[in-house]
Amino acid sequence: MLAGRLNVATTTFRVEEVPTPDAGPGQVRLAVAAAGVCLSDVHLIEGMLKPPYLRGDSVTLGHEVAGVIDQIGDGVAGLRVGQRVLLQAGEERGGTVLTRGVDYDGGWAEFAVAAADTVVPLPDALPFEQACFIPDAVSTPWSAIVSTAKAQPGKAAGVWGIGGLGAHAVQLLRLIGAAPIIAVDPLEAARARALNFGADVALDPADPGFAAAMSAATRGRGLSTAFDFAGVPAVREQAALSLGVGGKLVLVGLADQPLHVSNGTLFSYLRQQLLGHYGSAPVDVTDLVSLYELGQIEFSRSVSKVMPLAEAAEAVRMLAAKDGNPIRIVLKP
Ligand SMILES: NC(=O)c1ccc[n+]([C@@H]2O[C@H](COP(=O)([O-])OP(=O)(O)OC[C@H]3O[C@@H](n4cnc5c(N)ncnc54)[C@H](O)[C@@H]3O)[C@@H](O)[C@H]2O)c1
Ligand SMILES: [Zn+2]
């Protein structure tokens, strides 16, 4: 089968022929129908992000995966061949949470195997292209907002980076009633989509009037919660400076650089908090599928482009270069 493989030692990525895997005990095999391209994949290929638990040097990328079950391993109950499903972006093995497509083979491939308890059935009305990125591009901001930040209705929220994660964060903050929602992105097209997804204000981080505009938007109170969905070091400092009393900055974007809080005394005086965030819990994904079925959220605007798996390297280049201003590019084997 075809698979998009990264050699992490040499940071070479190639779509190549590999043996088709079989479902082992407790596993199912999926004929992959759609797989999302995340900026974390770009970070992996660039070598900034190293898989912490990978055995060996090579891995099939892809942690956002949906498809049809085509093989069932021994001891698996409650799932059937032909069932439309998506895969949780990771699984627990011996107390360690491993990430699919990072620590073990993922779904940028014609077939992918998965532990049966990481399989989530899909409603018929939810297309594979829109479902595949729920684990991660939707569930990670959801978990960051609801569990890590515990964002409150009627309280100001700032979102830095209106890409795959941030565009969904705006929609989800709107859903829980956070207000005002202030979106920040250097790209004009990203600011426009933030407003379209429900942000009240959209700011350019390089605008010399940024601090004044942030203050005006929050009526001088500052942000109750701020989210880094960009993975750019400068964001963290600007976001920290935009917090109000008791404000929390949640770091979701991954940037392998020292953290810098320039006004440490005020940060303590205002009892502000800096919180790291990673991934989501399985229940976040199932809750989001339910919210979709209830008509509370929808993802038709989120699929910027569908590309053949064979063109994965080009999809990665486009996301890194923001070519076509993608929210999510989806690969189709
Ligand atoms: N912690 C986690 O669990 C987790 C999960 C998934 C992704 N990530 C990380 O989240 C980040 C975002 O991923 P994505 O796939 O949404 O990326 P993306 O490329 O789709 O979006 C990033 C956005 O940030 C914007 N941006 C760049 N510089 C900025 C600045 N100075 N201020 C504000 N915005 C700026 C870009 O214009 C773009 O719109 C990445 O670092 C990724 O690795 C973390
Ligand atoms: Zn991701």
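Remember, it's 1-based here, ligands and their atoms both numbered in the order they're listed.
At least one N or O atom of G161, backbone or side chain, sits closer than 3.5 Å to an N or O atom of ligand 1. Considering backbone and side-chain atoms alike, H277 places an N or O below 3.5 Å from some N or O of ligand 1.
Residue-ligand proximity: A234 is placed with every non-hydrogen atom at 4.0 Å or more from ligand 1. Residue contacts with ligand 1 leave out Q238, since none of its heavy atoms falls under 4.0 Å from the ligand.
Counting heavy atoms only, V235 comes closest to atom 32 (N) of ligand 1 of the residues V235, V250, V232, D228. Between the choices D185, L319, V252, the shortest heavy-atom distance to atom 38 (C) of ligand 1 belongs to D185.
With a cut-off of 2.8 Å, the Zn ion (ligand 2) has an N, O or S atom of D136 in range.
The two residues G67 and L30 come nearest to each other via the heavy atoms N-CD2, 3.8 Å. Closest approach of L254 to H43, counting heavy atoms only: O-NE2, 3.5 Å.
Heavy atoms of P205 found under 4.0 angstrom from ligand 1 belong exclusively to the side chain.
Salt bridge status for D185 with R191: absent, with no side-chain N to carboxylate O gap under 4.0 Å. Using a 4.0 Å cut-off between a side-chain N of Lys or Arg and a carboxylate O of Asp or Glu, D105 and R5 qualify as a salt bridge.
Looking only at heavy atoms of the protein, atom 14 (P) of ligand 1 is closest to L39 CB, 3.7 Å. Scanning all protein heavy atoms for the shortest distance to atom 19 (O) of ligand 1 gives K322 NZ, 2.6 Å. Counting only heavy atoms of the protein, atom 22 (C) of ligand 1 lies nearest to F229 O, 3.8 Å. For atom 20 (O) of ligand 1, the nearest non-hydrogen atom of the protein is G164 N, 2.9 Å. The single protein non-hydrogen atom nearest to atom 10 (O) of ligand 1 is G253 CA, 3.5 Å, given as residue, atom name and distance. In terms of protein heavy-atom proximity, atom 8 (N) of ligand 1 is nearest to S40 OG, 3.6 Å. Protein heavy atom at the shortest distance from atom 16 (O) of ligand 1 is L165 N, 2.8 Å. Among protein heavy atoms, atom 29 (C) of ligand 1 sits closest to P186 CD, 3.4 Å.
Between L291 and L175 there is a side-chain heavy-atom pair separated by less than 4.5 Å. Using a 4.5 Å heavy-atom cutoff, the side chains of T11 and K50 are in contact.
Heavy-atom contacts from other residues, nucleotides or ligands closer than 6.0 Å to CZ of R14 number 12 or fewer. The 12-atom threshold is exceeded at CZ of R84, counting heavy atoms of other residues, nucleotides or ligands nearer than 6.0 Å.
Each of Y292, F133, F227 was compared with H168 under the ring pair (Phe, Tyr, Trp, His ring centres under 6.0 Å) criterion, and only F133 meets it.
For the pair R301 and F197, the distance from NZ or CZ to the six-membered ring centre is under 6.0 Å and the angle to the ring normal is within 45 degrees.
Taking a cut-off of under 4.0 Å to the non-hydrogen atoms of G231, the atoms of ligand 1 that pass are 41 (O). Shown in contact with A230 at under 4.0 Å from a heavy atom are these atoms of ligand 1, numbered in order with element: 24 (O), 26 (N), 34 (N), 35 (C), 41 (O). Under a 4.0 Å criterion applied to the non-hydrogen atoms of D136, ligand 1 contributes the atoms 5 (C), 6 (C). When each atom of ligand 1 is checked for a heavy atom of V184 under 4.0 Å away, the hits are 33 (C), 34 (N). Those atoms of ligand 1 with a heavy atom of L187 less than 4.0 angstrom away are 37 (O). Atoms of ligand 1 found under 4.0 Å from any heavy atom of G279 (numbered from 1 in listed order, with element): 2 (C), 3 (O).
Residues S143 and S280 have side chains that never bring a donor and an acceptor to within less than 3.5 angstrom of each other. Judged purely by distance below 3.5 Å, without hydrogens or angles, the side chains of Y53 and T99 never pair a donor atom with an acceptor atom. Between the side chains of R100 and T118, at least one donor N or O sits under 3.5 Å from an acceptor N or O. Judged purely by distance below 3.5 Å, without hydrogens or angles, the side chains of R328 and S302 never pair a donor atom with an acceptor atom.
Rounded to 10°, the angle that SG of C38 and NE2 of H63 form at the Zn ion (ligand 2) is 110°.
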